There are 2 protein chains.
Amino acid sequence: MDRVGLAVDVVRRMAHVTAALRHRQGSAFAELGLTPAAARALRELDPDHPLPARDLAGQLGCDRSNVTVLVDKLEQAGLVERRTDPTDRRQKTLVVTGEGRVVRARVIEVMSDSRLLSGLSDEELSTLRDLVWKVSDGGCPESLGPE
Amino acid sequence: MDRVGLAVDVVRRMAHVTAALRHRQGSAFAELGLTPAAARALRELDPDHPLPARDLAGQLGCDRSNVTVLVDKLEQAGLVERRTDPTDRRQKTLVVTGEGRVVRARVIEVMSDSRLLSGLSDEELSTLRDLVWKVSDGGCPESLGPE
DNA sequence: TATTGTTATACTCTATAACTATA
DNA sequence: TATAGTTATAGAGTATAACAATA
């Protein structure tokens, strides 16, 4: 198979795998009362290093307006708090609550339960990590994230 | 990093890469008058081997009802034709038209333009293909696709 | 003027359930 | 009864544009 064929194959299979993972994890998140996107947002929020909504949008690779909706849900569920930044009153800092920490730990647990990757040896997994990292990092960085 | 950490990392990065690809290819598909899902459906239809809608749903890993909508669009655009199977009048065979072949070739071209993978050598790409294939194939096959 | 967050809106994707026509 | 395709509907994700408050 030529290089183009390989590339197409890789892309299609990766999409397949991520779709399958999303599907499986979606059920687990639902049991936590979270949508997949909300769970991902909670995962990105480091309890020890609160950050403004703008940065979360950057980390999630989506628009700020979406973050507003996601944080609405997380705040309603009592998992996150909005605090106006005293140094720049335009910004709102996102703080993970005590209960938020608990749920976030469970979210990470679900994300770690990657039975889909159980067919790989430690060495293969490590190699895969390096390659995927190289792709997502060096390939075409300017294209990662929204316009 | 431990095995769990590696797995989480792999999953997140893969999702990142596929999201970036989807984003970029989405623009190209829009210029062809296709949504990403419609483009993927057209890609799956082999012009030389027409198949029933049910099988397309299987290949796309989605529900039959979605195929109806996607084929509606493709048919309206004159790229695909529905033909009732004479041997089983419940089935409708999906046939790619002459224009459909042209657009499909362009779709494949777009999917092949994987600049995101340009950072990898031929050998790395080949290794990545094998690993991703192994994951999507052997890991947990029963979970690939819809319920 | 530029930026943060918000709101309103719209489009895409996808699943479920009920329907039909065939088998 | 069971299956193929359709229709209607709903939920989730995400982008755009306009807006208020703040810088």
Side-chain angles (χ1 to χ4, degrees), chain A residues 15-16 18-20 22-27 29-30 32-41 44 50-76 80-94 144-147, chain B residues 15-16 18-20 22-27 29-30 32-41 44 50-76 80-94 144-147:
Chain A
H16 209 195
T18 55
R22 223 190 334 247
H23 202 263
R24 175 188 301 165
Q25 297 182 346
S27 311
F29 294 147
L32 296 174
L34 296 173
T35 64
R40 230 174 303 145
E44 292 297 330
L51 82 174
R54 173 180 49 82
D55 291 351
L56 178 57
Q59 288 189 23
L60 292 174
C62 71
D63 191 81
R64 280 169 301 160
S65 57
N66 301 317
V67 170
T68 297
V69 179
L70 295 176
V71 174
D72 278 349
K73 289 178 189 166
L74 294 174
E75 198 171 36
Q76 271 188 322
V80 166
E81 277 180 24
R82 286 175 165 101
R83 288 187 196 158
T84 301
D85 184 335
T87 72
D88 181 345
R89 295 181 51 76
R90 289 174 303 179
Q91 288 190 149
K92 291 189 183 165
T93 305
L94 306 176
L144 297 175
E147 6 233 72
Chain B
H16 209 196
T18 55
R22 222 189 337 245
H23 203 262
R24 176 188 301 165
Q25 295 181 347
S27 311
F29 294 147
L32 296 173
L34 297 173
T35 64
R40 231 175 303 142
E44 292 297 331
L51 81 174
R54 172 180 52 81
D55 292 351
L56 179 56
Q59 289 188 24
L60 292 174
C62 72
D63 192 80
R64 281 169 298 160
S65 58
N66 301 317
V67 170
T68 297
V69 179
L70 295 176
V71 174
D72 279 348
K73 289 178 189 166
L74 293 174
E75 197 170 35
Q76 273 190 320
V80 167
E81 276 180 25
R82 286 175 165 102
R83 288 187 196 159
T84 301
D85 184 335
T87 72
D88 183 344
R89 295 181 51 76
R90 289 174 304 182
Q91 287 190 152
K92 291 188 184 167
T93 306
L94 306 177
L144 298 173
E147 6 234 72

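First the proteins, then the strands, lettered A, B, ... as listed; each starts at 1. This structure is a prediction, so every number in the text was calculated from the model and none was measured.
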Engineer: For A:Arg22, what residues pass the salt bridge (Lys or Arg N to Asp or Glu O under 4.0 Å) criterion, not counting sequence neighbours?
Structural biologist: none

Engineer: Does C:dT20 have OP1 or OP2 under 4.0 Å away from a side-chain N or O of B:Lys92?
Structural biologist: no

Engineer: Run through B:Thr93, B:Leu74, B:Asp72 and flag the one making a side-chain contact (heavy atoms from CB on, under 4.5 Å) with B:Arg82.
Structural biologist: B:Asp72

Engineer: Rounding to an integer number of Å, can you tell me how far A:Leu34 CG sits from D:dG13 C1'?
Structural biologist: 15 Å

Engineer: Quick one: which of C:dG5, D:dG5, D:dG13 gets closest to the side chain of A:Pro36?
Structural biologist: D:dG13

Engineer: Could you pull out the closest heavy-atom pair between A:Pro36 and A:Gly26, with the gap in Å?
Structural biologist: CG-CA, 4.2 Å

Engineer: If I take atom CD in residue A:Gln25 and atom P in nucleotide D:dA12, what distance separates them, rounded to the nearest angstrom?
Structural biologist: 17 Å

Engineer: Given that A:Leu70 and B:Ala53 both sit by DNA chain D, which one's nearest nucleotide is further toward the 5' end?
Structural biologist: B:Ala53

Engineer: Looking across every strand, which nucleic acid part, if any, lies under 4.0 Å from B:Asp85 by heavy atom: base, sugar-phosphate, or nothing?
Structural biologist: nothing

Engineer: Check this for me: does the side-chain of A:Ser65 come within 3.5 Å of the base of D:dT16 through a donor and an acceptor?
Structural biologist: yes

Engineer: From C-beta outward on A:Arg64, which listed nucleotide comes closest to its side chain: C:dT12, D:dG5, C:dT4?
Structural biologist: C:dT4

Engineer: Can a side chain N or O of A:Arg22 be found less than 4.0 Å away from OP1 or OP2 on C:dT14?
Structural biologist: no

Engineer: Is A:Arg54 touching bases, backbone alone, or none of the nucleic acid, heavy atoms closer than 4.0 Å?
Structural biologist: sugar-phosphate

Engineer: In whole angstrom, give the distance that lies between atom CG of A:Leu74 and atom C1' of D:dG13.
Structural biologist: 15 Å

Engineer: Testing the basics here: between A:Leu56 and A:Leu51, what is the closest heavy-atom pair and its distance to 0.1 Å?
Structural biologist: N-CD1, 4.0 Å

Engineer: Just call it for A:Thr35: base, sugar-phosphate, or nothing, with non-hydrogen atoms closer than 4.0 Å on any strand.
Structural biologist: sugar-phosphate

Engineer: For the residue pair B:Leu70 and B:Ala41, what are the closest heavy atoms and their distance?
Structural biologist: CD1-CB, 4.2 Å

Engineer: Quick one: A:Leu60 CG to D:dT14 C1', roughly how many Å, whole number?
Structural biologist: 12 Å

Engineer: Between D:dT6 atom C1' and B:Leu56 atom CG, what is the distance in whole Å?
Structural biologist: 15 Å

Engineer: For B:His23 and D:dT14, what is the distance between atoms NE2 and P respectively, to the nearest whole Å?
Structural biologist: 10 Å

Engineer: Taking OP1 and OP2 of D:dG11, is either one under 4.0 Å from a side-chain nitrogen or oxygen of A:Lys73?
Structural biologist: no

Engineer: Return whichever of A:Asn66 or A:Arg90 has its heavy-atom-nearest nucleotide of DNA chain C closer to the 5' end.
Structural biologist: A:Arg90

Engineer: Nearest whole angstrom, please: distance from the P of D:dA12 to the CZ of A:Arg40.
Structural biologist: 14 Å

Engineer: Which whole-number value in Å describes the distance from A:Asp63 CG to C:dT4 C1'?
Structural biologist: 12 Å

